[in-house]
A.B. asks: 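The structure follows.
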Amino acid sequence: MVIAQTNPPNLASDATKTSFTPDEYRAMEETAEERHEYCNGEIIAMPGGSEVHSAIACNLLIHLGFLLRDTDFRLYNSDLRVWIPEYNCGTYTDLMVVNGEPEFHGSRTDEILNPL
């Protein structure tokens, strides 16, 4: 079942539903106020971060940005989702590195397939 972007699934009203399609997950995630991971039909709310976690992620991004300048490697923060087709899984990483151009999942511009 595919749900249009204007009518994403509501986890509260779908409490008895145990499995979601990737398209249902993506439709929900486009309008969700919090982020969720997707793993083979299950949608999992991501916990909030801490000040220490955020500082570490920022420091890593700055340091890697410095090390990778003038290379073909690109850094991305947690705004983009990584899709792992072999596990039917989507998740948000604190940061990711892509060698060259990012490969997006189909026509999506929010899911990367080729992080290192």
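As the structure is a prediction and not an experimental result, all values here were calculated from the model.
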A.B. asks: Could you measure the distance from the CD1 atom of I56 to the CD atom of E51? Nearest 0.5 Å is fine.
C.D. replies: 9.0 Å
A.B. asks: Using 0.5 Å steps for rounding, measure from the OG1 atom of T91 to the CD1 atom of I84.
C.D. replies: 7.0 Å
A.B. asks: Examine the side chains of N40 and N88 and answer whether a donor and an acceptor come within less than 3.5 Å of each other.
C.D. replies: yes
A.B. asks: Answer yes if the side chains of H53 and D94 hold a donor-acceptor pair under 3.5 Å, and no otherwise.
C.D. replies: yes
A.B. asks: Can I43 and M28 be said to form a side-chain contact (heavy atoms from CB on, under 4.5 Å), step by step?
C.D. replies: CA-CA 10 Å; I43 295 175; M28 184 214 57; 4.0 Å; yes
A.B. asks: Under 4.0 Å between a side-chain nitrogen and a carboxylate oxygen: does that hold for E111 and R26?
C.D. replies: yes
A.B. asks: Got a donor-acceptor contact below 3.5 angstrom from the Y38 side chain to the F20 backbone?
C.D. replies: yes
A.B. asks: Run F73 and L116 through side-chain contact (heavy atoms from CB on, under 4.5 Å) and show every step you take.
C.D. replies: CA-CA 9 Å; F73 295 98; L116 298 173; 3.3 Å; yes
A.B. asks: Can you tell me how far CD1 of I62 sits from CG of L67, rounded to the nearest 0.5 angstrom?
C.D. replies: 12.0 Å
A.B. asks: Return yes when atom CD of E33 has more than 12 non-hydrogen atoms of other residues, nucleotides or ligands closer than 6.0 Å, and no otherwise.
C.D. replies: no
A.B. asks: Would F104 and W83 count as a close aromatic pair, with their ring centres under 6.0 Å?
C.D. replies: no
A.B. asks: Determine whether a donor-acceptor pair (N or O, by modelled atom type, separation under 3.5 Å) exists between the side chain of N114 and the backbone of P102.
C.D. replies: no
A.B. asks: In Å, rounded to the nearest 0.5 Å, how long is the span from CG of L95 to CG of D79?
C.D. replies: 12.0 Å
A.B. asks: Report, as yes or no, whether the 6.0 Å neighbourhood of atom CG on N59 holds more than 12 heavy atoms from other residues, nucleotides or ligands.
C.D. replies: yes
A.B. asks: Both conditions, 6.0 Å and 45 degrees, for the charged tip of R74 above the ring of Y76: are they met here?
C.D. replies: no
A.B. asks: Is it true that a side-chain atom of T71 and a backbone atom of L68 form a donor plus acceptor pair closer than 3.5 Å?
C.D. replies: yes
A.B. asks: If I compare all heavy atoms of P115 with all of V82, which pair ends up nearest, and what's the gap?
C.D. replies: CG-CG1, 3.7 Å
A.B. asks: Examine F66 and M96 and state if one hydrophobic cluster contains both, with Ile, Leu, Val, Met, Phe, Trp and Tyr joined whenever side-chain heavy atoms are less than 4.5 Å apart.
C.D. replies: no
A.B. asks: When you compare the side chain of I44 with that of C39, does any pair of heavy atoms fall below 4.5 Å?
C.D. replies: yes
A.B. asks: Between Y25 (side chain only) and H36 (backbone N and O only), is there a donor and an acceptor less than 3.5 Å apart?
C.D. replies: yes
A.B. asks: So, does E24 use its side chain to make a donor-acceptor pair with the main chain of T21 at under 3.5 Å?
C.D. replies: yes
A.B. asks: Does any N or O in the side chain of R108 come within less than 3.5 Å of the main-chain N or O of H105, such that one atom is a donor and the other an acceptor?
C.D. replies: no
A.B. asks: Answer yes if the side chains of R35 and Y92 hold a donor-acceptor pair under 3.5 Å, and no otherwise.
C.D. replies: no
A.B. asks: Would L61 end up clustered with V52 when hydrophobic side chains under 4.5 Å apart are linked, directly or stepwise?
C.D. replies: yes
A.B. asks: If you define the side chain from C-beta out and look only at heavy atoms, does anything of I112 sit under 4.5 Å from L80?
C.D. replies: yes
